[in-house]
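The structure appears below as structure tokens.
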Amino acid sequence: MIPVMIPQLGEEEAQAAAEAVRSGWVAQGPRVARFEQEFATTVGASHGVAVSSCTTALHLALVVLDIKPGDEVVVPSLSFIATANAVRYVGATPVFADVDLATGNLTVETVDAVRTARTRAVIAVHQGGVPFDTAALRKAADGWGVALVEDAACAAGATAYGQPAGTGAALAAWSFHPRKLITTGEGGMVTLDDADRAVRLRRLREHGMNVSAADRHASAQPVLEAYLETAYNYRMTDIQAAVGLVQLGRLPGLVADRRAKAARYQELLADIDGLVPVRDPAYGQTNYQSFWVLINPSYGTSRDDVLAELARRGVSARRGIMAAHLEPAYEGVEHAPLPVTERITRDSLILPLHHALTTDDQDHIVGVLRDLARP
Ligand SMILES: *Cc1c(COP(=O)(O)O)cnc(C)c1O
């Protein structure tokens with residue numbers, strides 16, 4: 001089978017993890033601090049707060065904004081379900097907005113259409129690595145007096161307006177799950193420019209302690225910690241951060257490789273009627289975390305039949321991005337019409353794209369898609 005995704009992990013990662021183990025300090029410590037600094041620098045943010053996943057990063061972003069029961073948070077339904085779930089973790093109400101057909105992302109118009117007096121925040125996703133229009137949405141959110149949280153789970157290495165996708169974000173949440181470009185096994189981070197919020201986020205991930213366990217350990221004097229608020233254990237380990245530091249060095253190469261392979265897919269698919277591959281938006285560049293293709297009716301074969309035939313011929317593709325409002329967990333939730341979301345989730349699929357994908361693999365995959373096209 002040609003897998004849809006494989007993380008690029010080498011001997012360097014194995015050695016870095018082994019060094020962390022041999023050092024005797026395996027919980028959150030100096031390697032996490034270094035990974036936070038280097039990752040924040042990479043995405044153009046002043047602070048990075050490493051956590052256990054992007055899901056917990058999103059949760060803490062909403063906690064630090066004091067989002068509470070009775071508040072509404074606008075989210076795309078077209079996203080991995082964690083985006084909407086994070087809103088429920090703080091007892092607030094996720095309100096689904098539709099997305100743009102070309103990018104799969106929220107726009108000023110789709111958010112404005114579902115905004116109410118209770119809207120306290122928006123979580124906008126850089127879906128599959130395609131940046132949303134950061135300039136437009138950040139400006140609109142400011143004008144509405146609503147906080148903007150950026151779900152950048154897939155966006156490491158993507159750019160908008162010539163800068164990394166996270167640069168200038170009030171709060172951006174990242175994932176280091178193996179399905180994303182760089183991985184720590186599980187892991188996440190919040191990046192931001194606000195120093196006070198960064199202090200609170202560090203506390204929130206570590207039981208509300210006013211001094212981290214690592215700092216307490218490093219101190220020559222006994223340090224008596226205080227627990228300032230009810231918080232969480234969302235820490236990343238130093239073993240994970242050691243892997244993350246090596247992975248971060250691979251990021252530019254991974255993005256360049258994916259963009260070259262995506263361009264080759266686009267070229268090969270260009271003459272097949274009814275297949276619309278994802279592309280860069282006018283204002284930025286995707287990292288092609290997910291190479292998704294929209295199937296128009298003129299293609300003549302349904303998405304599910306395409307997936308079945310690809311599987312039969314040794315290709316592990318995936319359905320397109322899910323829609324939370326169609327899942328049992330969100331059954332019965334009232335929402336505005338979401339026609340574009342439903343179209344994309346029904347009619348799109350994700351093709352294999354990773355460092356080990358060969359030109360022969362690509363030719364085979366496109367050959368299957370060509371065979372299924374209406375003659
Ligand atoms: C993967 C993903 C998440 C969840 O990330 P984890 O690190 O697995 O918690 C959240 N949002 C989006 C858009 C994702 O793609």
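The figures that follow rest on heavy atoms only: side chains count, while hydrogens, waters and symmetry mates do not. Just follow the structure's listing: the first ligand is 1, and inside any ligand the first atom is 1.
- Remark: Thr55 pairs with no residue by the side chain to side chain donor-acceptor pair (under 3.5 Å) rule, at least two apart or across chains.
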Can you give me a line-by-line list of nitrogen or oxygen pairs between ligand 1 and the protein shorter than 3.5 Å?
unit_1, atom_1, unit_2, atom_2, d
ligand 1, 5 (O), Ser175, OG, 3.4
ligand 1, 7 (O), Cys54, N, 2.9
ligand 1, 7 (O), Ser175, OG, 2.7
ligand 1, 9 (O), Cys54, N, 3.4
ligand 1, 9 (O), Thr55, N, 2.9
ligand 1, 9 (O), Thr55, OG1, 2.5
ligand 1, 11 (N), Asp151, OD1, 3.3
ligand 1, 11 (N), Asp151, OD2, 2.8
ligand 1, 15 (O), Lys180, NZ, 2.7

Next on the checklist: Let's go through Asp133 and Tyr283 carefully: what are the C-alpha distance in whole Å and the side-chain angles of both, what is the deciding distance for side-chain contact (heavy atoms from CB on, under 4.5 Å) to 0.1 Å, and is it a yes or a no?
Outcome noted: CA-CA 7 Å; Asp133 189 336; Tyr283 50 78; 3.8 Å; yes

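- For Arg115, the salt bridge (charged side-chain N to carboxylate O under 4.0 Å, His left out) partners are Asp112, not counting sequence neighbours.
- Side-chain atoms of Thr345 and Arg319 include no donor-acceptor pair closer than 3.5 Å.
- Thr116 and Glu72 are linked by a side-chain donor-acceptor pair at a separation below 3.5 angstrom, with hydrogens and angles left out of the test.
- For Thr41, the side chain to side chain donor-acceptor pair (under 3.5 Å) test picks out no residue, with sequence neighbours left out.
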